[in-house]
Amino acid sequence: MDITERIKQVRNEIRHAAEKYGRDPDAVNLLAVSKTKPIDAILAAYGVGQRLFGENYLQEALDKMAELARLDIEWHFIGRIQSNKTRQIAENFAWVHGVDDLRQARRLSEQRPEQAGPLNLCLQVNLSGEKSKGGVMPTALPGLAHEIAALPRVILRGLMTLPAPESDFSLQREPFRRMRQLLEELRTQGFPVDTLSMGMSDDLEAAIAEGATIVRIGRALFGPR
Ligand SMILES: *Cc1c(COP(=O)(O)O)cnc(C)c1O
């Protein structure tokens, strides 16, 4: 199967899952995760209408952006944020999904170019409680959301998570259900958040069932890495 076929298949899966759980299929955005994949793969996906692309590695992403500058692509940074790299992230991406502390958010805001419009941020949530994993503890979310709301050049759009892989559907759903609750709590507290970035190639249906608005799909579109 080529990328064109796989993209159609993933779009169908998204539509079916949305309909199955009573959601509007257009409310689930497909972010094509093109890390480690060549320009040709991105062009193939672009050729069948894909516009949102996610990259993890900054230098690789910048090289691709330079080559694809004439295309109408919305770039999302989904990798780990190194504090000495925030300027290039702030200057080149439309979205950053893995924000997990105030210092990063402050730097991104300070370094976002005036003409670019605000940078969209998602806070990465640590649901496992393991300190070694990236992400914000759920109890720290309201405080951090409050501080970020005061920053001028970024806009807090919602939450992102990367749960441990599970093959059982109901186990896949649990962390996504928790994410839905956490987003709802932020909304109740008055934060205008609208985004749940969750679901990858192997758990996209479970994520859509619990309200994902951006699914981040790599292997199911581009093949194994
Ligand atoms: C690589 C990656 C993905 C895509 O994962 P697949 O299993 O290839 O669909 C999604 N999100 C993040 C943060 C990633 O690093």
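Order of listing sets the numbers, starting from 1, for every ligand and every atom in it. All of these numbers come straight from a predicted model, not from anything done at the bench.
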Check residues 202-211 and write down every donor-acceptor pair under 3.5 Å in which the side-chain atom is one partner and the other belongs to a residue at least two apart or another chain.
| unit_1 | atom_1 | unit_2 | atom_2 | d |
| --- | --- | --- | --- | --- |
| Asp202 | OD2 | Arg219 | NH2 | 3.0 |
| Asp203 | OD1 | Met200 | N | 2.6 |
| Glu205 | OE2 | Lys20 | NZ | 3.0 |
| Glu205 | OE2 | Tyr21 | OH | 3.1 |
| Glu210 | OE1 | Arg180 | NE | 3.1 |
| Glu210 | OE2 | Arg173 | NE | 2.8 |
| Glu210 | OE2 | Arg173 | NH2 | 3.0 |
| Glu210 | OE2 | Arg177 | NE | 3.3 |

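- Atom CD in Glu60 sits 6.5 Å away from atom OG1 in Thr36 (nearest 0.5 Å).
- Cluster partners of Trp95, by chain and number: Leu31, Val33, Leu52, Ile78, Ile214. The rule joins Ile, Leu, Val, Met, Phe, Trp and Tyr whenever side-chain heavy atoms lie under 4.5 Å apart.
- In the hydrophobic clustering of this structure, Leu221 does not group with Leu162; members are Ile, Leu, Val, Met, Phe, Trp, Tyr whose side-chain heavy atoms approach within less than 4.5 Å, directly or through other members.
- Legend: residues meeting ring-ring contact (aromatic ring centres under 6.0 Å, His included) with Phe222, ordered by chain and number and at least two apart, are absent.
- Each of Val33, Lys35, Asn56, Ile78, Met160, Leu162, Met200, Ser201, Arg216, Ile217, Gly218, Arg219, Arg225 has a non-hydrogen atom positioned under 4.0 Å from some atom of ligand 1.
- In this structure, CD on Glu91 lies 11.0 Å from CD1 on Ile89, to the nearest 0.5 angstrom.
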